[in-house]
**Q** 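This is the structure I have questions about; it appears just below.
No hydrogens, no waters, no symmetry mates; every other heavy atom, side chains included, goes into these values.
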Amino acid sequence: MSRVVGSDRHHDQDVRPPHAAPGGRPVASTAEPAPSQPARRSVLKAIGLAGATAAVAGTGALSYRVFDSAALAPGGGRAYDPWRSWVTGTGPLGAVACAVLAANPHNTQPWVFHVTDTAMELFADSQRTIGTVDPLLREQHIGLGCALENLVLGCRARGLEPSVALLPDGGAGGRVAHVSLTPGATTTGPAYEAIGRRHTNRGPYAATGLPDQVLAALVDTSDLPGVAVHWVTAPAEMAVLGRLMGDAALALTQDEQQSQDSFAWFTGSNDEIQQRRDGMTLDAQGLSPLILSLGKLLPASSRTAGDAFWVDQTLTVQTRTAAAYGVVTAADGHDRTSQLAAGRLLQRVHLTATARGIALQPMNQVTERIDRESTTGAAATFGPRLARLLPAGAQPLVAFRVGYPLREALPSPRRTIAAVTR
């Protein structure tokens with residue numbers, strides 16, 4: 001559910017968030033930063049494709065770089081097995097196999113499941129956060145809601161009828177959700193069948209518009225009271241929101257701690273991907289095959305170059321090619337129940353869109369800056385600007401863009417069922 005890897009704003013050091021526990025994602029070497037797609041893309045722009053190809057081919061390291069970065073086999077290896085095996089699992093664990101493929105912030109996969117034959121419980125993994133990028137854990141709970149939606153679909157496809165209770169211990173309790181299971185009819189549908197094909201598409205979208213009736217058909221708020229999707233489709237309002245997203249991206253790049261916390265979740269080499277099985281990767285960034293391959297082969301550059309590239313991509317690709325924006329809203333954007341429901345709704349919209357050939361990319365930079373300003377005591381600049389685009393009293397939880405994709409999105413790595421169950 002996170003942004004293009006350029007949003008991981010690369011400066012010259014990789015500093016792990018101070019709250020991250022030992023045994024989580026390790027700190028990358030500060031002497032040689034992890035490979036950076038935006039930085040590489042900046043290099044490609046500077047020297048041209050022919051020069052880039054010559055620069056790589058002219059070194060003795062080409063064969064190693066091809067192997068180390070998996071340049072010729074994106075989305076391959078054991079780290080991507082969950083995308084191929086999710087449909088074969090049975091019982092409650094088979095439903096968890098569906099849940100782990102849900103959208104989530106920076107591919108942190110912030111979930112833990114406790115599974116029995118008659119019930120499942122969902123917990124937040126307190127070590128898997130993005131620090132100051134998500135200081136109020138808004139995005140984490142939205143991601144948990146996305147997983148819960150997949151879990152419900154996975155249960156019904158396996159003849160289990162789930163009954164979901166959110167925050168069964170109250171807001172201060174550890175359990176995010178309790179899901180009781182009883183035997184039921186086996187039911188599937190387009191949304192369930194799209195689970196293995198749903199990926200965040202950060203690439204360009206076609207100029208084809210999406211009529212209001214098509215957008216309306218993507219939204220199903222049944223059994224999700226209190227949340228809604230507000231569509232932004234008028235050209236003037238889309239331009240305003242696009243500028244706001246660009247301004248938020250720039251503000252994030254200028255916030256050193258947010259930049260560092262975000263970069264801690266960037267995974268560079270193929271070895272890291274296969275070992276960690278989480279985080280942001282080059283493969284999932286919506287690049288053309290040629291740029292992706294060259295980007296993997298070129299040496300890494302600085303986080304600063306990545307910052308500039310992400311802002312440029314936000315303005316010239318993502319906001320420029322969006323067919324429409326959606327904003328999931330609630331009466332209280334800080335309410336945990338609403339955040340979980342918003343995640344279920346976002347996942348539901350994304351699955352339905354996938355089934356209909358429509359791409360979707362969450363774009364969280366505005367709400368990330370809203371929460372950052374709130375927690376630091378800074379003047380509120382982004383909240384009031386976004387509020388002018390929303391119905392009176394509606395608070396934003398997550399924004400996204402939709403459109404018909406110009407290229408297929410590749411998957412992100414996922415952890416095993418054993419790694420997320422207790």
**Q** Name all pairs fulfilling the ring pair (Phe, Tyr, Trp, His ring centres under 6.0 Å) condition that reach into residues 369-400, sequence neighbours left out, sorted by first residue then second.
**A** Trp231-Phe400

**Q** Under 3.5 Å, is there a donor-acceptor pair between the Ser412 and His199 side chains?
**A** no

**Q** Relative to each other, are the rings of Phe263 and Phe266 parallel, tilted or perpendicular (30° and 60° limits)?
**A** parallel

**Q** With sequence neighbours left out, which residue pairs that include part of residues 169-187 fulfil the side-chain hydrogen bond (donor to acceptor under 3.5 Å, both in side chains) condition?
**A** Glu121-Arg175, Glu121-His178, Asp169-Arg175, His178-Ser180

**Q** side-chain hydrogen bond (donor to acceptor under 3.5 Å, both in side chains), that's the test. Do Thr416 and Arg78 meet it? Break it down for me.
**A** CA-CA 9 Å; Thr416 64; Arg78 293 180 181 177; over 6 Å; no

**Q** Could you tell me the separation between the CZ atom of Arg156 and the CD atom of Glu161, rounded to the nearest 0.5 Å?
**A** 4.5 Å

**Q** Name all pairs fulfilling the side-chain hydrogen bond (donor to acceptor under 3.5 Å, both in side chains) condition that reach into residues 383-399, sequence neighbours left out, sorted by first residue then second.
**A** Asp247-Arg385

**Q** Return the set of residues passing salt bridge (Lys or Arg N to Asp or Glu O under 4.0 Å) with Arg320 (not counting sequence neighbours), or none when no residue passes.
**A** none

**Q** Just by modelled atom types, is the Thr108 backbone N or O under 3.5 Å from a matching donor or acceptor in the Arg128 side chain?
**A** yes

**Q** Taking 4.0 angstrom as the limit, do Asp223 and Arg348 come out as a salt bridge?
**A** yes

**Q** Keeping the roles fixed (side chain from Arg158, backbone from Leu93), state whether a donor-acceptor pair exists under 3.5 Å.
**A** no

**Q** Any pair with a residue in residues 330-373 that passes ring pair (Phe, Tyr, Trp, His ring centres under 6.0 Å), sequence neighbours left out, goes on the list, sorted by first then second residue, please.
**A** none

**Q** Side chains of Glu373 and Thr381: donor-acceptor distance under 3.5 Å anywhere?
**A** yes

**Q** Run the side chain to side chain contact (heavy atoms under 4.5 Å, CB included) test against Thr319 and tell me which residues pass, sequence neighbours left out.
**A** Met245, Thr314, Tyr325, Met363

**Q** Working to the nearest 0.5 Å, report the span between CZ of Arg336 and CG of Leu166.
**A** 13.0 Å

